[in-house]
Amino acid sequence: MAGFKADFLWGGAVAAHQLEGGWQEGGKGISVADVMTAGAHGVPREITDGVLPGKNYPNHEAIDFYHRYKGDIKLFAEMGFKCFRTSIAWTRIFPQGDELEPNEAGLQFYDDLFDECLKYNIEPVITLSHFEMPYHLVTEYGGWRNRKLIDFFVRFANAVFTRYRSKVKYWMTFNEINNQANYHEDFAPFTNSGVKYKTGEDREVIMYQAAHYELVASALAVEAGHKISPDFKIGCMIAMCPIYPLTCAPDDMMMSVAAMHRRYWFTDVHVRGYYPRHLLNYFARRQFKLDITEEDLQILTRGRVDYIGFSYYMSFVTKAQENNPHLDYDETKSLVKNPYVKASDWGWQIDPVGLRYSLNYFYDLYQLPLFVVENGFGAIDQPESDGVVNDQYRIEYMHNHIREMKKAVVEDGVDLMGYTPWGCIDLVSAGTGEMKKRYGLIYVDKDNEGNGTLARSRKKSFWWYQDVIKHNGENI
Ligand code: P53
């Protein structure tokens, strides 16, 4: 029985704002991540009006990868990484977002970073926009609610595609573009789209408008990228939390279908190049007036992605509700607990089989290559007396997920490009801004308050993952 491909991309994943720090170095501008304070489980991060004195902004220093990347990449190489997924901080290249010319110091930083990866034959896998757009685009333009953002993004994409043409082959456009399906909370609209809602606004219609402009921008970037280099593989990036029905009652089943429609139509547009019928009907029923032009629709068909990158951490469950004849989905109210699985300390339901299900779901629908670009276990790690973190729970989580992923490849025939566990080195949590929600195979000495030496050390999972890569997953 065949296993993973010989050139399977084993690696790890991070995002610029969650590890680089250096928030004002090399001419970098302020990003949306720079105005978010630290929160905790159940305590949302505060989005402040600019950078305010006396607040704790964990992304400003993060784990100081900006100055320490050489040592960190050396550790990734020691684990045997074939690839390294990170993002380019848009604010290093276009500090305000609306400049005409890129910032050379920012471009140089990523040249150096990619050279360092290539030195070890580590293939960079690059996200263009991972929760870190220029804050100036929020204050001056209202974020992605404004069509002008399309041009700014495409200029940014063109600049980096051209500059790194010979160094980077694998790209993704917008990280977890579908998080904003949860537009009731402030986090996703702000991190995905730089959207801050005013009281009384119809949040939902603004979300659809912003997402539409992003999808057009993504399609234009894909089209431009393919012209710049025919070797480029440009994917989308979807946060995959499949939504199961609580029971086999037909109404529960249909509610899960409707919920999946609301969370995953983004993939349809990225992959097929057009809006699904159910969504157009929904827009009509809700009488949404959206700025979607004929030209936009043409662009969408031209800029279809080459692969589907997705994150997988957990699955969700929904059930039919009373007085909901149209099966409307509200992510803050429509989800219930899964009685069959356990959850992490942050309430994320642990479901390895859901990864196999997700791989089948995507492959059945689209028949495009898939790439698991995030997966991992956020946990509190405690170094033992010898200083080593014995993170058996993380090993178990990853082992179980890789095993299911392997079944999807070997038994179900899914075309899988690679696997990059999230936060391969401890970094700042996106959702909570905490350091203590750790995912790493490498420990970083820093706590929630910002204390610590920032020293790096190998966790038990480091050696375990090194072995998995060495055997191309055959020992799982
Ligand atoms: P944190 C929600 C649901 C699934 C993935 O998340 C999510 C989120 C947002 O919190 O985000 C992705 O750090 C994201 C990363 C993030 C990672 O998952 O909240 O792409 O930036 O760090 C883990 O525990």
Side-chain angles (χ1 to χ4, degrees), residues 3-14 18-19 63-65 68-86 116-117 119-125 311-313 344-345 350 352 355 372-407 409 416 418-427 429 435-447 452-476:
F4 296 111
K5 300 177 183 182
D7 57 355
F8 192 76
L9 290 167
W10 296 100
V14 300
Q18 288 173 262
L19 89 167
I63 62 157
D64 193 33
F65 181 78
R68 295 165 196 249
Y69 68 88
K70 288 191 178 166
D72 293 340
I73 289 166
K74 192 162 182 234
L75 285 166
F76 300 153
E78 188 185 330
M79 259 190 282
F81 278 21
K82 314 280 183 223
C83 75
F84 173 53
R85 174 180 178 234
T86 187
E116 198 63 23
C117 293
K119 185 169 122 187
Y120 299 102
N121 290 320
I122 296 176
E123 186 96 53
V125 176
S311 64
Y312 178 82
Y313 294 89
S344 79
D345 288 343
I350 304 162
L355 176 54
V372 179
V373 294
E374 288 184 31
N375 171 241
F377 191 55
I380 296 173
D381 290 336
Q382 206 56 60
E384 297 190 356
S385 49
D386 60 356
V388 177
V389 173
N390 183 357
D391 53 347
Q392 195 54 42
Y393 38 89
R394 183 168 293 110
I395 294 174
E396 199 177 302
Y397 178 101
M398 291 176 63
H399 177 100
N400 293 341
H401 282 78
I402 295 173
R403 194 192 53 213
E404 293 300 323
M405 194 167 79
K406 195 170 171 187
K407 287 183 197 164
V409 170
L416 184 62
Y419 176 74
T420 55
W422 175 251
C424 44
I425 181 164
D426 290 346
L427 38 62
S429 156
M435 267 311 294
K436 78 168 188 198
K437 190 182 187 189
R438 295 174 186 274
Y439 288 86
L441 315 169
I442 299 165
Y443 186 82
V444 175
D445 178 26
K446 181 172 178 178
D447 66 17
T453 62
L454 289 168
R456 278 58 168 156
S457 54
R458 297 166 187 80
K459 300 183 195 176
K460 192 176 171 197
S461 53
F462 180 102
W463 307 111
W464 171 84
Y465 192 46
Q466 183 185 57
D467 202 50
V468 171
I469 298 178
K470 194 165 124 205
H471 293 97
N472 200 24
E474 270 161 36
N475 48 345
I476 296 274

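All residue numbers in this chain count up from 1 along the given sequence.
Atom CD1 of residue Ile425 and atom CD of residue Gln18 lie 13.0 Å apart, to the nearest 0.5 angstrom. We find the CD1-CG distance between Ile402 and Asn475 to be 9.0 Å, quoted to the nearest 0.5 Å. Note: Arg456 CZ to Lys446 NZ = 9.5 Å, rounded to the nearest 0.5 Å. Here the OG atom belonging to Ser461 is positioned 13.0 Å from the OH atom belonging to Tyr443, to the nearest 0.5 angstrom. Atom CE in Met79 sits 9.0 Å away from atom CD1 in Ile122 (nearest 0.5 Å). The NE2 atom of His471 sits 5.0 Å away from the CG atom of Asp467 when rounded to the nearest 0.5 Å.
For the pair Phe81 and Gly12, the tightest heavy-atom approach, listed with the atom from each and the gap, is CE2-N, 3.3 Å. Between Ser457 and Gly387, the shortest heavy-atom contact is OG-O, 4.5 Å. Nearest heavy atoms, Ile73 versus Cys117: CD1-SG, 3.9 Å.
A donor-acceptor pair under 3.5 Å is formed between the side chain of Tyr465 and the backbone N or O of Gly11. A donor-acceptor distance shorter than 3.5 angstrom exists from the side chain of Lys406 to the backbone of Gly473, with no hydrogens or angles considered.
Within the structure, every pair that satisfies the salt bridge (Lys or Arg N to Asp or Glu O under 4.0 Å) test and touches residues 393-404, not counting sequence neighbours, is listed here: Asp381-Arg394, Asp391-Arg394, Glu404-Lys407.
Below 30°, between 30° and 60°, or above 60°: for Tyr397 and Phe377 the angle between ring planes is below 30°, a parallel geometry. Relative orientation of the Phe65 and Phe84 rings is tilted, given thresholds of 30° and 60° on the angle between their planes.
A donor-acceptor contact under 3.5 angstrom links the side chains of Asn375 and Tyr419, judged on distance only.
Ion pair Glu78/Arg458 flagged as a salt bridge, since at least one NZ, NE, NH1 or NH2 atom sits closer than 4.0 Å to an Asp/Glu carboxylate oxygen. Taking a cutoff of 4.0 Å between a charged side-chain nitrogen and a carboxylate oxygen, Asp447 and Lys436 do not qualify as a salt bridge. Note on Asp64 versus Arg68: salt bridge recorded, some NZ/NE/NH1/NH2 to OD/OE distance being below 4.0 Å.
Applying the ring pair (Phe, Tyr, Trp, His ring centres under 6.0 Å) criterion to Phe8, with sequence neighbours excluded, gives Phe4, Trp10. In terms of the salt bridge (charged side-chain N to carboxylate O under 4.0 Å, His left out) criterion, residue partners of Lys5 (sequence neighbours excluded) are, by chain and number, Asp415.
Val14 pairs in a side chain to side chain contact (heavy atoms under 4.5 Å, CB included) with only one of the listed residues (Leu427, Thr420, Asp72), which is Leu427.
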* To do: Quick one: do Leu355 and Val372 satisfy side-chain contact (heavy atoms from CB on, under 4.5 Å)? Show the steps, please.
  => CA-CA 9 Å; Leu355 176 54; Val372 179; 4.2 Å; yes
For this session: Show your reasoning for whether side-chain contact (heavy atoms from CB on, under 4.5 Å) applies to Met435 and Ile63.
Result: CA-CA 9 Å; Met435 267 311 294; Ile63 62 157; 4.0 Å; yes
- request: Determine, step by step, whether Asp426 and Ile442 satisfy the side-chain contact (heavy atoms from CB on, under 4.5 Å) criterion, reporting the C-alpha distance in whole Å, the side-chain angles of both residues, the deciding distance to 0.1 Å, and the verdict.
  value: CA-CA 6 Å; Asp426 290 346; Ile442 299 165; over 6 Å; no
Might you work through the side-chain contact (heavy atoms from CB on, under 4.5 Å) test for Tyr313 and Ile350, ending with a clear yes or no? CA-CA 7 Å; Tyr313 294 89; Ile350 304 162; over 6 Å; no
- [ ] Determine, stepwise, if the pair Glu374 / Arg85 fulfils salt bridge (Lys or Arg N to Asp or Glu O under 4.0 Å).
- [x] CA-CA 9 Å; Glu374 288 184 31; Arg85 174 180 178 234; 2.9 Å; yes
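Checked against a 6.0 Å centroid threshold, the rings of His401 and Tyr312 count as neighbours.
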